[in-house]
Number of protein chains: 2
Amino acid sequence: MSENTGNTRARIQSVALELFTEQGYEKTSLREIAERLGVTKAALYYHFKSKDDIVNSFVEDRLDRLDGLIKMGAEPPVDVAARRRELLSRYADEFFGSTGHSVMRFFDQNQTVLKSLPAGQMMRERLLQLATVLAWPQDSPTAQLRATLALFAVHSSWFAIRSPEITDAQRRELALEIAHELLDRIDGTP
Amino acid sequence: MSENTGNTRARIQSVALELFTEQGYEKTSLREIAERLGVTKAALYYHFKSKDDIVNSFVEDRLDRLDGLIKMGAEPPVDVAARRRELLSRYADEFFGSTGHSVMRFFDQNQTVLKSLPAGQMMRERLLQLATVLAWPQDSPTAQLRATLALFAVHSSWFAIRSPEITDAQRRELALEIAHELLDRIDGTP
DNA sequence: GTCTATATAAAGATAGAC
DNA sequence: GTCTATCTTTATATAGAC
């Protein structure tokens, strides 16, 4: 009947993710995470071998899922435009999915610091690849910009839509609506 | 004939801005800045009273300039669509202007950490206001998202266009082209 | 699995000489 | 205006008891 056996690891991840996202990775100390959980720093080191290791723990799963998308994007498409829409729609699923949401926000908020962590470098690389399968290097500069903005439509729907009564599902739909407009113009206006 | 009299302050700003942008504010120590300049930390404290004070020093000028834009956006426009284009075009001028460029990139890269600095809060507030004069709260959620993406088109043209031979002036033009498309649709598709 | 206690390193910041 | 030297605080991380 003991309340927290085995799930401490998950609770650490949850609190760390929240604080890292809210205040930044560097600004959040292990002491602060430990206090929030009512344990000591030493307890954290039982579950994770270092501070970056906490980041690694929630990155691996995301990498695999993004790799799936990129692989799909690399295969020759029957219909280029439809493929782009499908990629972005699936990306939105990832982004708005249960765990994906908070992890991706964490990346948005800690881009710069994450450049120096291996886990962060991997994620950056994946997002770049994703942008690349949406608009290839041989496409025009405008096409590249449109593709990046389509991805960012998904990301920014989180904070750019300030109407508080909007649900996550609605944000996803609105983001995709605009993202699709952008994508469809990639070949549309040469 | 002494080489560096009086301009040390400016050299500190320049190096700090570069390192803060590249590695993040928290990850960059005063020791590192000092070493890069060939001086000691104590010298830094002669010119700036604290680490955040360095940030303040390059923020104030930007704030004034953004305030000018916001004020212009708050006045009743003759033609709403033309006003939006004008605002964004001026914003692009700021962004691609000599000093503006690097300072705005610094903000992009340090959003999260800057939440805890007064200077950062001010800048966030201004960018939010700018988004708000582009699409008002009574506009649709889609309009809000389009407005934010238009701003981001300017920001992301910096890294999203990966063709290396493109000049800054061209990036500005391409960004505005897409930004204007987005803005024009704010009232266009209800 | 969690604790106390501590090692170690590095940060921001200041005092006072030159 | 820049230096040396130092203070103070805080961080990540570890050792070993319970």
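The structure presented is a predicted model; accordingly, all values stated were derived computationally and were not measured.
Summarising the geometry, the separation between CG on B:Asn7 and C1' on D:dT2 is reported as 14 Å, rounded to the nearest angstrom. Between the NZ atom of A:Lys49 and the P atom of D:dA13 there is a distance of 9 Å, rounded to whole Å. What separates CG of B:Asp52 from C1' of C:dA11 is a distance of 14 Å, to the nearest Å. The separation between B:Lys51 atom NZ and D:dT10 atom P is 15 Å, rounded to whole Å. Spacing between atom OH of A:Tyr45 and atom P of C:dT8 amounts to 16 Å, rounded to whole angstrom units. Distance CD (A:Glu26) to P (C:dA10): 14 Å, rounded to an integer number of Å. Rounding to whole angstrom units, CZ of residue B:Arg11 and P of D:dT2 are separated by 8 Å.
With no hydrogens or angles considered, a side-chain donor-acceptor pair links A:His180 and A:Arg85 at under 3.5 Å. Inspection of the B:Gln13 and B:Ser57 side chains reveals an N or O donor paired with an N or O acceptor under 3.5 Å.
The phosphate of D:dT2 has OP1 or OP2 within less than 4.0 Å of a side-chain N or O from B:Thr8.
Near-neighbour residues of DNA chain D inside residues 27-38 of chain A, defined by a heavy atom below 4.0 Å, number-ordered: A:Thr28, A:Ser29, A:Leu30, A:Arg31. Of the residues in residues 18-25 of chain B, not one comes within less than 4.0 Å of DNA chain C through any heavy atom.
Under the 4.0 Å criterion applied to side-chain N and carboxylate O atoms, B:Arg83 and B:Glu75 are not assigned as salt-bridge partners. For the pair B:Glu94 and B:Arg90, the salt-bridge criterion is not met [side-chain N within less than 4.0 Å of a carboxylate O].
Listed nucleotides D:dT12, C:dA13, D:dC3 differ in distance to B:Thr40; the shortest reach to its side chain belongs to D:dC3. The side chain of A:Tyr46 has C:dT2 as its nearest neighbour among C:dT2, C:dT14, D:dA13.
Position along DNA chain C of the nearest nucleotide to A:Lys41 versus A:His47 favours A:His47 as the more 5'-ward residue.
Chaining together hydrophobic side chains whose heavy atoms lie under 4.5 Å apart leaves A:Leu128 on its own. Applying the 4.5 Å side-chain rule to ILVMFWY residues, one finds that A:Val78 remains a lone member of its cluster.
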List the atom pairs, donor and acceptor, that lie under 3.5 Å between side-chain atoms in residues 104-112 of chain B and the rest of the protein, sequence neighbours left out.
from     : atom 1 : to       : atom 2 : distance (Å)
B:Asp108 : OD1    : B:His155 : ND1    : 2.8
B:Asp108 : OD2    : B:His155 : ND1    : 2.8
B:Gln109 : OE1    : A:Thr112 : OG1    : 3.0
B:Asn110 : OD1    : B:Tyr25  : N      : 2.8
B:Asn110 : ND2    : B:Phe20  : O      : 3.1
B:Asn110 : ND2    : B:Phe106 : O      : 3.0
B:Thr112 : OG1    : A:Gln109 : O      : 2.4
B:Thr112 : OG1    : A:Gln109 : OE1    : 3.1

In residues 159-166 of chain B, what donor-acceptor pairs under 3.5 Å come from side-chain atoms, sequence neighbours left out?
from     : atom 1 : to       : atom 2 : distance (Å)
B:Arg162 : NH1    : B:Ala160 : O      : 3.4
B:Arg162 : NH2    : A:Thr132 : OG1    : 3.3
B:Ser163 : OG     : A:Gln144 : NE2    : 3.4

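Between B:Phe152 and A:Phe152, the ring planes lie parallel to each other; the angle is under 30°, not in the 30° to 60° tilted range.
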